[in-house]
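Letters go in sequence order (proteins before strands), and every chain restarts at 1.
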There are 2 protein chains.
Amino acid sequence: MTKQHSHQHGHDADHVHDHNHNHCIDTALATAETLCLEQGQRLTKVRRRALELIWESHRPLGAYQLLAKLAEEGFNSAPPTVYRALDFLLAAGLIHKVESMNAYLGCAHADRAHKGYFLICDECHNVMEFDYQDIHAALIAKAAKQGFELRAETIELTGLCADCKAQATDAHAVGTSA
Amino acid sequence: MTKQHSHQHGHDADHVHDHNHNHCIDTALATAETLCLEQGQRLTKVRRRALELIWESHRPLGAYQLLAKLAEEGFNSAPPTVYRALDFLLAAGLIHKVESMNAYLGCAHADRAHKGYFLICDECHNVMEFDYQDIHAALIAKAAKQGFELRAETIELTGLCADCKAQATDAHAVGTSA
DNA sequence: TTTGAGTTGTTATACCATAACAAAATTATA
DNA sequence: TATAATTTTGTTATGGTATAACAACTCAAA
């Protein structure tokens, strides 16, 4: 299981980081550089900056949110700019798209092939990426039974994260005792 | 495993039905009537017709495609009309939304609570709904281990369906032998 | 140094979805 | 059966997501 670190304790959108998220970003960028170099892909300025901005966000970032941030920094502000960058990063496996949110998230394991499985909190909207070989294998087997050749998986689970569940319980306890 | 019947042999968008799909539609509508009656919900003309149209389609239907069909039949042609109907049908469990396609699909098991798991063919875009208790249980357990309370699942698998795989193989065989 | 591939700029448009409020229909209640 | 309460539908407007199409630029290789 992998978790976007800063999500562990954060409830508010702009919660102060309780760890040095810069490290995650740096690692992600370094991985991206290496990967692109190996594959003869060009991590151009806008692509690189888009990836950084996605990582700097603590939630999945919408295309137009990203576009606005890029525009602030002097990049072209037309939609194709951001969608091209997103397409590149998606194809390179450097980010995931969360379909149910129309938003994009840095991929913590770009260095190895994997599927993005997500736990999405309805309350705080934080997203945890997880990895589950058992489920992956079961899905492949299940599909194969139908003669279906599995290529990609969209697994997005929503509900209440541990923190929000705790908060809800606290609130309820206070409410009932008052 | 459940399958939208007409998808079994269809490769072309407007493939002639090889079974009486009307039966499926009738069953779905009857179930809808019963369900709504039981729950004191009103299956109004536009809702009922929307459900029929979704079932009549052999693929997941986009909101605006559905809106166009409804408009042809004299219903109001503004977007809220169709989104209201869709919201109602979704809430009633009579249809599913395929998030990765922004499209809507009749639910074959509206009569019992279940999650919509989908196999989506990249080639012919047919969709099979399947049901897999093992995976459902595994996901709940996996989420619970993280303290996450699972509420909803979006499971959308893409790849090549059996028919399209067979076609591709045939085409390749012809190509290589020619 | 020109060719060619890839990338970016630019304009326009298509597609997906909801807000907000008015009008009508339905149901419940007096 | 009036009338009030509730739900549904009509209508206008807008916001959010994504791509088509073509021109201009960059950069590396021939």
Side-chain angles (χ1 to χ4, degrees), chain A residues 32-33 35-37 39-51 53-54 57 59-92 94-105 125 154 156, chain B residues 32-33 36-51 53-54 57 59-92 94-105 125 154 156:
Chain A
E33 298 275 16
L35 237 69
C36 289
L37 205 68
Q39 297 169 16
Q41 299 283 69
R42 287 159 58 186
L43 191 65
T44 60
K45 277 184 193 172
V46 67
R47 290 169 178 174
R48 189 191 160 87
R49 189 61 189 136
L51 181 58
L53 287 167
I54 289 171
S57 164
R59 322 261 146 113
L61 201 57
Y64 279 67
Q65 291 174 277
L66 176 56
L67 182 58
K69 287 174 191 279
L70 287 170
E72 275 177 21
E73 300 181 8
F75 290 98
N76 182 14
S77 66
T81 297
V82 77
Y83 282 105
R84 284 166 179 157
L86 290 171
D87 287 348
F88 175 87
L89 297 171
L90 284 169
L94 296 169
I95 61 172
H96 293 294
K97 178 176 183 183
V98 183
E99 293 288 350
S100 58
M101 300 177 79
N102 292 319
Y104 304 83
L105 190 67
H125 303 106
T154 300
E156 299 173 9
Chain B
E33 299 274 15
C36 290
L37 204 70
E38 280 174 10
Q39 298 169 14
Q41 298 285 69
R42 288 157 60 184
L43 191 65
T44 61
K45 278 183 193 171
V46 67
R47 290 169 178 174
R48 190 191 158 86
R49 189 61 188 135
L51 182 58
L53 287 167
I54 288 171
S57 165
R59 321 263 146 112
L61 201 58
Y64 279 67
Q65 292 175 275
L66 176 57
L67 183 58
K69 287 174 190 279
L70 287 170
E72 275 176 21
E73 301 181 8
F75 290 97
N76 181 14
S77 66
T81 297
V82 78
Y83 282 105
R84 283 166 181 158
L86 289 170
D87 286 348
F88 175 87
L89 296 171
L90 284 168
L94 296 168
I95 61 173
H96 292 294
K97 178 176 184 183
V98 183
E99 292 289 349
S100 58
M101 301 176 78
N102 291 320
Y104 304 83
L105 189 68
H125 302 106
T154 299
E156 299 173 8

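Put simply, CD1 on A/Ile54 and CG on A/Leu105 are 8.5 Å apart, with the number rounded to the nearest 0.5 Å.
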> For every nucleotide of nucleotides 3-19 of chain D, 5' to 3': is a protein heavy atom under 4.0 Å from its base (B), only from its sugar-phosphate (S), or from neither (-)?
Replying inline: ----SSBBBB----BBB
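Remark: side-chain polar atoms of A/Arg47 are paired, donor with acceptor, to backbone N or O of A/Arg42 under 3.5 angstrom. A distance-only check finds no donor-acceptor pair linking the side chain of A/Glu72 to the backbone of A/Lys69 [under 3.5 Å]. For the pair A/Glu156 (side chain) and A/Glu99 (backbone), a donor-acceptor distance under 3.5 Å is present.
The shortest distance between side-chain heavy atoms of A/Tyr64 and A/Pro79 falls below 4.5 Å.
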